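Some notes on the structure that comes next.
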2 protein chains.
Amino acid sequence: MSKPRTPSIKMVADRAGVSVATVSNVLNGKPNVSPDLVLRVRDAVKELGYAVDFGASRLRSRKSQLAGVVVPDLTNPMFASFVSTLEHLARVDGFDLVVVSARNDPEEEADRLRNIRSWRPAGLIVIPCDGAFAKRLPEGFSAPVVLADRIPDEPGFDLIAVDNSAAAGAIATHIESQGYKDCLVVGSWLSISNVRERWEGIRKAVKRLEVEMLEIGIDDPEGADRLERRLRGRQLPGALFVLDHGSSLLAYRTMAEIGISAPRDIGFASFDDMEWMRLVAPSITAVRQPVEDMAEQAWALLLRRIRGSAGDPATRRLRCAIEIRGSTSRSLRQDAGEAQKGGMTCTLQEGRYSPE
Amino acid sequence: MSKPRTPSIKMVADRAGVSVATVSNVLNGKPNVSPDLVLRVRDAVKELGYAVDFGASRLRSRKSQLAGVVVPDLTNPMFASFVSTLEHLARVDGFDLVVVSARNDPEEEADRLRNIRSWRPAGLIVIPCDGAFAKRLPEGFSAPVVLADRIPDEPGFDLIAVDNSAAAGAIATHIESQGYKDCLVVGSWLSISNVRERWEGIRKAVKRLEVEMLEIGIDDPEGADRLERRLRGRQLPGALFVLDHGSSLLAYRTMAEIGISAPRDIGFASFDDMEWMRLVAPSITAVRQPVEDMAEQAWALLLRRIRGSAGDPATRRLRCAIEIRGSTSRSLRQDAGEAQKGGMTCTLQEGRYSPE
DNA sequence: AACATCTGGTGAAACGATTTATTGTAAGCT
DNA sequence: AGCTTACAATAAATCGTTTCACCAGATGTT
């Protein structure tokens, strides 16, 4: 009836017949410890099934091998993939991740940030809910923070994002070049920097095309109503360009319900290329964001900061790829048959956009 | 040039003019501390921006508010949603999550398990890569473990899974009742318990329907080839039933490439109902798994174990829902037009399957 | 008055690691 | 031999908490 506690460094030391300091030195690969002792320690470790206690280790050494990750919504495939990539990269560098989802709620984000702070992570990677992120970062938070994907209202942060404006502009130009006269642009909220930048990119790019913006929120029934009313209205827009994945799902479903389909009745394009956009027939013209790259760069930057690199906050914009597919094709308007074969898929090379 | 370290409990104590013990008592809501001191401590905490150090706290109190989560692949929407739900529930109970993805690699899973152990989590929720999970759990791991979704070869674990056999059987029966004569069943590996159970459920359920199993692996080009050859073969099966989401994506894409479509040329059904299956036309008959429920039950069970509930390992099987849609409809074989409207969607009530 | 029982509070000992200072020993150099 | 230098190993201090034993004073009980 004793207490078989999980083995500590002390037990290892006893069993190996050395001091705890020596065990620590062996475990951390410090030089100046004789080969036979290394062996004895290793054996003892194995026999006891010992594993260091990261908490205690961090407490004393003041070095944490833990990073925090905050995303708006883990169920969004974009963010899931972001986290997944991050998690792998971090692991390679010996870091673990505390992952939290803010569920699109700034309050919750603030709460999670406060909470995560108590784990004393070496750094933080955050995709903020909205622009007011700076106000939610607990004051006195000293670990480096790298933001991704969304731009904060206040500057002063390291940031990895994509070139929203140019990508959206490229799609708008494509739509225009297909001969569409007007285009309804749909997005969750203009208060989200991505949506805003994309909308502005469109306005900057178009020449003759008439564009009109509609905000429909996130999981908001009223927004869904607004969209449906607009699509049922007497004047169906020539094309529909949706600026985020959530809205795309809603829009595509709504179109199906109403019985209009792309490109027969309307041109359709979307941000955030997803698997399903390639699977539906005809497949959907979309902007593909380099999520993995984003994760990679964010992690690289954070790691540099953790290792002590000073310097002004850096902002990097990554280039998106444009996938032109059937849903915006004017020539497919009549014969919707061929489409699913995927032969229509191509990558826009015009301007700064490069092929796969 | 001093060292503005992140505030510790000692600084709070000094500022409030009390002992650290008192601060600790206030922070942990212990009784027997006078109201004015509580106030003074609270003020000091606020002024300093103090937040407890979970690591130190855990070290001393031996109670961890951290749980580990291991999934085979975070980019799989099923698992992403599982983690997301879990994360929310855990937070409500004051727990944070260390999340790791094994990337479908048992080796990596073993590595992550070892690693996660060093965080001394209060418990673990794992969706194992394969049945040999027990061998990968570091020996001497003392925190409670709850497995989910996949069944380990060796018993002795708490387990929350779904009723694979019955659900797969129901789909098979449906396919049979539609008049299909034979059915090709496709899945990643039979060594994954889910796939195995589903396959067995099918064989148990069918009467006249001829069934045949094809394993195509995970992200395996050879498997993709096998599938393509089979579908290009002289004898196209009447129906195709795919047993996991990854394989479904591959199968659906392959069909499109070859130019066969459901239900015109072949009946098509799948496990793991996903958004895209509702978006393609006609939409796809699928088994919808109660992922959120699974997460909920897994968390509830783990929490109970953490709180000290003893008792034999429990196994719970949750019921899946069946979504009968156009892709298996015999009557749609001729007129593939109507389908996208989704009017075909319904929920099988037969047997133990209940409607939405 | 003497004794037990609360009450609000504190100092100091853990927890499991790393780091620093220290010691003893062996080797290297005049 | 005498003196420095280098090496191996350790004891002890420390990180930020919680907990335990204890204390002084007030209150209650006989």
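Just so it is clear: chains get the letters A, B, ... in the order the sequence lines come, proteins before strands, and each one is counted from 1. Below, all heavy atoms of this structure are taken into account, side chains as well, without hydrogens, waters or symmetry copies. All values derive from a computational prediction rather than experimental measurement.
Computed from coordinates, the A:Asp14 CG to C:dG16 C1' distance equals 13 Å when rounded to whole Å.
No more than 12 heavy atoms of other residues, nucleotides or ligands lie within 6.0 Å of CG in B:Asp219, so this atom counts as exposed by the packing criterion.
Listed by chain and number, the residues in a side-chain hydrogen bond (donor to acceptor under 3.5 Å, both in side chains) with A:Asp130 are A:Arg136 (sequence neighbours excluded).
Of the possible donor and acceptor atoms, none in the side chain of A:Glu154 sits under 3.5 Å from a partner among the backbone N and O of A:Ala134. B:Arg150 places no side-chain N or O within donor-acceptor distance of the main-chain N or O of B:Ser193, the cut-off being under 3.5 Å. When atom types are taken as modelled, the side chain of B:Asp158 and the backbone of B:Ala314 share a donor-acceptor pair closer than 3.5 angstrom.
Counted by atom type alone, B:Asp149 and B:Asn194 present one or more donor-acceptor pairs between their side chains at under 3.5 Å.
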Can you pull every protein N or O that's under 3.5 Å from an N or O on nucleotides 13-20 of chain D?
from	atom 1	to	atom 2	distance (Å)
D:dT14	O2	A:Arg60	NE	3.2
D:dT14	O2	A:Arg60	NH1	2.8
D:dC15	OP1	B:Arg5	NH2	3.4
D:dC15	O3'	A:Arg62	NH2	2.9
D:dC15	O2	A:Arg60	N	3.4
D:dG16	OP1	A:Arg62	NH2	2.8
D:dT17	OP1	B:Tyr50	OH	2.8
D:dT17	OP1	B:Asp53	N	3.2
D:dT17	OP2	B:Ile9	N	2.5
D:dT17	OP2	B:Tyr50	OH	3.4
D:dT17	O5'	B:Tyr50	OH	3.2
D:dT18	OP1	B:Asn28	ND2	3.4
D:dT18	OP2	B:Ser24	OG	2.8
D:dT18	O2	B:Arg60	NH1	2.6
D:dT19	OP2	B:Lys30	NZ	3.3

List, with names and distances, any nitrogen or oxygen atoms from the protein found under 3.5 Å away from nitrogen or oxygen atoms belonging to nucleotides 6-8 of chain C.
from	atom 1	to	atom 2	distance (Å)
C:dG8	OP2	B:Asn32	OD1	3.2

Checklist entry - For B:Leu137 and B:Phe157, what are the C-alpha separation, side-chain angles and deciding distance, and is it a side chain to side chain contact (heavy atoms under 4.5 Å, CB included)? => result CA-CA 11 Å; B:Leu137 190 64; B:Phe157 289 97; 4.1 Å; yes
Item to check | side chain to side chain donor-acceptor pair (under 3.5 Å) between A:Ser81 and A:Ser84, worked out | outcome: CA-CA 5 Å; A:Ser81 157; A:Ser84 178; over 6 Å; no
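Each end of the helix from C:dA1-D:dT30 to C:dT30-D:dA1 gets its own rotation axis from five pairs of C1' atoms, and the angle between them is 50° to the nearest 10 degrees.
For residues 308-317 of chain B, the set of pairs meeting the side-chain hydrogen bond (donor to acceptor under 3.5 Å, both in side chains) definition, not counting sequence neighbours, comprises B:Glu197-B:Arg317, B:Gln297-B:Arg316. Among residues at least two apart or in separate chains, salt bridge (Lys or Arg N to Asp or Glu O under 4.0 Å) pairs with a member in residues 47-74 of chain A are A:Arg15-A:Glu47, A:Asp53-B:Arg58, A:Asp53-B:Arg120, A:Arg58-B:Asp53.
Checking the phosphate oxygens (OP1, OP2) of C:dT10, a side-chain nitrogen or oxygen of B:Thr22 falls inside 4.0 Å.
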